[in-house]
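Comments concern the structure below.
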Amino acid sequence: CMVLYKLARDHKDELLYYGSSAGQKGFIGQLKLMVTELFQYGLDDESLKELILSQPEDSILAAKLKDIALLWKYFKAYTGEQVIATEAVLDLLAERLERSQLIRNARVFVDDFSGFTPQQYRILTVLAIRSKGLSVALSLTPSAYKAVQGVQDWRDLPRQLFFTTGKTVWKLQQMAKEYQVPLRLTWTVESHRPQELTHVTEQLCLTMQQPFEGLANRVKAYMAANQREELQQLFHEIMYLVQEKGYQYRDIAIVAADLEGYAYLIRRQMELYEIPGFIDEKMDISLSPYVQWIQGLGELIASGFSAES
């Protein structure tokens, strides 16, 4: 960020659209995200030039693209060959893997991804070609996998819950076909998963949902006036499962889309019922006075000892 701040400040008079925003902290944060994506998706000067030429000369988008291209050029010139930008590490890794003797006798396993950037696909390609075997674990339903087969372009895939994962499967299949890498599919089916949840998963994002056939005995729905009442019902159910059905606390998990909004109330209920539990939440270290002090020192130097810093 400090390099981008310096470049934006030094060349703000050359910027057509972002000149007045060059010194703002929020702008630098967005610019860093833009630079990261330029690296991740392999866009170069020619690609940006084509994008600029595709827009009307006097349009705002054209002015923005010209500013981005200009700062991108200065950024690459500033870093040069002596400094490796964090975003370029994966490109360097792909180059080193092609010459590495270590991976030739290794089997590589990739998990916890639903999609990959072009940078990451380049690494996967090298690993698939050079290593003894590359295994990629993906989560999708059999119907979502079938929808991928025979599709000529991933843009033609049906828009459903597993669209992103289906796109990844399609790209991996194309990679294997292009580089003649053997591809083997292995399904891992969890037999204990309720059919009701499978049905909800497959129908969730469809415009014309099909009703579930049979009784949904393993899914319960509650109506609550607020979050507190919702959690009271939930913890009553947990105590019933433990005391009457022989469950253990470690058998039970609470999943919330807005964990940050529920964490405090969940913690209160666990204390009330004396239930041991762990809440998987991230702590914002930027709120620490020590971290803010370090950031302040960096901003002091990057801004040239400005009055604000």
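Numbers here simply count residues along the sequence, with the first being 1.
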Checklist entry - Do Lys66 and Glu14 pass the salt bridge (Lys or Arg N to Asp or Glu O under 4.0 Å) test, and can you show the C-alpha distance, the side-chain angles, and the key distance before you say yes or no? => result CA-CA 10 Å; Lys66 288 178 181 178; Glu14 302 176 47; over 6 Å; no
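- A 4.5 Å side-chain heavy-atom check between Tyr247 and Tyr240 finds every atom pair outside the cut-off.
- By the 4.5 Å heavy-atom criterion applied to side chains, Leu138 and Val136 are counted as neighbours.
- One N or O on the side chain of Gln149 and one on the backbone of Tyr145 form a donor-acceptor pair closer than 3.5 Å.
- The aromatic rings of Tyr273 and His236 sit perpendicular to each other, their planes meeting at more than 60°, with 30° as the lower class boundary.
- Rounded to the nearest 0.5 angstrom, Thr125 OG1 and Tyr121 OH are separated by 9.5 Å.
- A donor-acceptor pair shorter than 3.5 Å cannot be found between the side chains of Glu229 and Tyr222.
- Looking at heavy atoms from C-beta onward, Lys6 lies in side-chain contact with Asp10 at the 4.5 angstrom threshold.
- Taking CD from Gln55 and NZ from Lys64, the interatomic distance works out to 11.5 Å, rounded to the nearest 0.5 Å.
- Classification of the Phe212-His199 ring pair by plane angle, with boundaries at 30° and 60°, yields perpendicular.
- Clustering of Ile, Leu, Val, Met, Phe, Trp and Tyr by side-chain heavy atoms under 4.5 Å joins Leu183 with none of the others.
- Hydrophobic clustering of Ile, Leu, Val, Met, Phe, Trp and Tyr side chains at less than 4.5 Å, counting indirect connections, keeps Val291 apart from Trp293.
- Partner of Gln269 under the side-chain contact (heavy atoms from CB on, under 4.5 Å) criterion, out of Ile275, Leu234, Leu231: Leu231 alone.
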Next on the checklist: Under the criterion side chain to side chain contact (heavy atoms under 4.5 Å, CB included), I'd like the reasoning laid out for Leu93 against Gln119: C-alpha separation, chi angles, the key distance, then a yes or no.
Outcome noted: CA-CA 10 Å; Leu93 173 61; Gln119 269 187 320; over 6 Å; no
Item to check | Stepwise salt bridge (Lys or Arg N to Asp or Glu O under 4.0 Å) check, Glu37 with Lys32 | outcome: CA-CA 9 Å; Glu37 292 188 356; Lys32 182 182 184 300; over 6 Å; no
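- Seen from the ring of Phe163, Arg159 counts as a face-on cation partner, given the 6.0 Å and 45° thresholds.
- Here the OG atom belonging to Ser114 is positioned 10.5 Å from the CZ atom belonging to Phe162, to the nearest 0.5 angstrom.
- With Trp170 contributing its side chain and Val151 its backbone, the two residues share a donor-acceptor pair below 3.5 Å.
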Item to check | side chain to side chain contact (heavy atoms under 4.5 Å, CB included) between Gln248 and Asp251, worked out | outcome: CA-CA 5 Å; Gln248 297 184 3; Asp251 300 327; 3.6 Å; yes
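- Of the candidates Arg96, Arg130, Lys132, Ile103 forms a side-chain contact (heavy atoms from CB on, under 4.5 Å) with just one, namely Arg130.
- Contact annotation: the side chain of Arg122 approaches that of Asp91 to within less than 4.5 Å [non-hydrogen atoms, C-beta and beyond].
- Note: the hydrophobic cluster containing Leu7 does not contain Leu16 (ILVMFWY, side chain heavy atoms under 4.5 Å, direct or indirect links).
- With rounding to the nearest 0.5 Å, the separation of CG in Leu51 from CG in Leu61 is 8.5 Å.
- For the pair Arg107 and Leu134, the minimum side-chain heavy-atom distance is 4.5 Å or more.
- Atoms CD1 and CZ, on Ile252 and Phe235 in that order, are 9.5 Å from each other to the nearest 0.5 Å.
- Open room surrounds CG on Leu215; 12 or fewer heavy atoms of other groups in view lie less than 6.0 Å from it.
- Interatomic distance, CD1 of Ile254 versus CE of Met270, reported as 7.0 Å (0.5 Å rounding).
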